[in-house]
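See below for the structure under consideration.
Since the model is a prediction, treat every value here as computed from it, not as a measurement.
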Amino acid sequence: SNIEPYTLTISGNGVMLGSYKKTTEMPEIDQVIFQKEYTIVVWADKKRTIVRCSEEDFDKEKGLAMAIAKRLMDRNKFKKLIENAAIQDV
């Protein structure tokens, strides 16, 4: 099996490191919508990925990065990676 390492950077106090098995090919992005605290990505296969943050922490770049990460991993693996990640002070 092919394991591809990824690093997810989290704002604030640290960096989250993790790796996962790629579960799907990522289609092209048709549209990105930023609406209040939501980032909505519409993919070429017409599926949507929606991520949400608090309004005061909203950042377009982080929203898009998290939507891409969420698309690449199934929901349970995504949540498990975040919950089990090591937080390191920078």
Partners meeting salt bridge (charged side-chain N to carboxylate O under 4.0 Å, His left out) with Arg52 (sequence neighbours left out):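 For Arg52 the salt bridge (charged side-chain N to carboxylate O under 4.0 Å, His left out) partners, ignoring immediate neighbours, are Glu37.
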Group every Ile, Leu, Val, Met, Phe, Trp and Tyr by side-chain heavy-atom contacts under 4.5 Å, then state whether Ile68 and Val41 land in the same group.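 They do share one cluster, since a chain of ILVMFWY contacts under 4.5 Å joins Ile68 to Val41.
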Would Leu64 and Trp43 show up in the same hydrophobic cluster when neighbours are defined by side-chain heavy atoms closer than 4.5 Å?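 Leu64 and Trp43: one cluster.
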I want to check something: taking the side chain as every heavy atom from C-beta on, are Lys70 and Val51 in contact at a cut-off of under 4.5 Å?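 In short, these two side chains touch, coming nearer than 4.5 Å.
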With a 3.5 Å cut-off and sequence neighbours excluded, list the donor-acceptor pairs that the side chains of residues 29-36 form with protein atoms.
| residue | atom | partner | partner atom | Å |
| --- | --- | --- | --- | --- |
| Asp30 | OD2 | Lys46 | NZ | 2.9 |

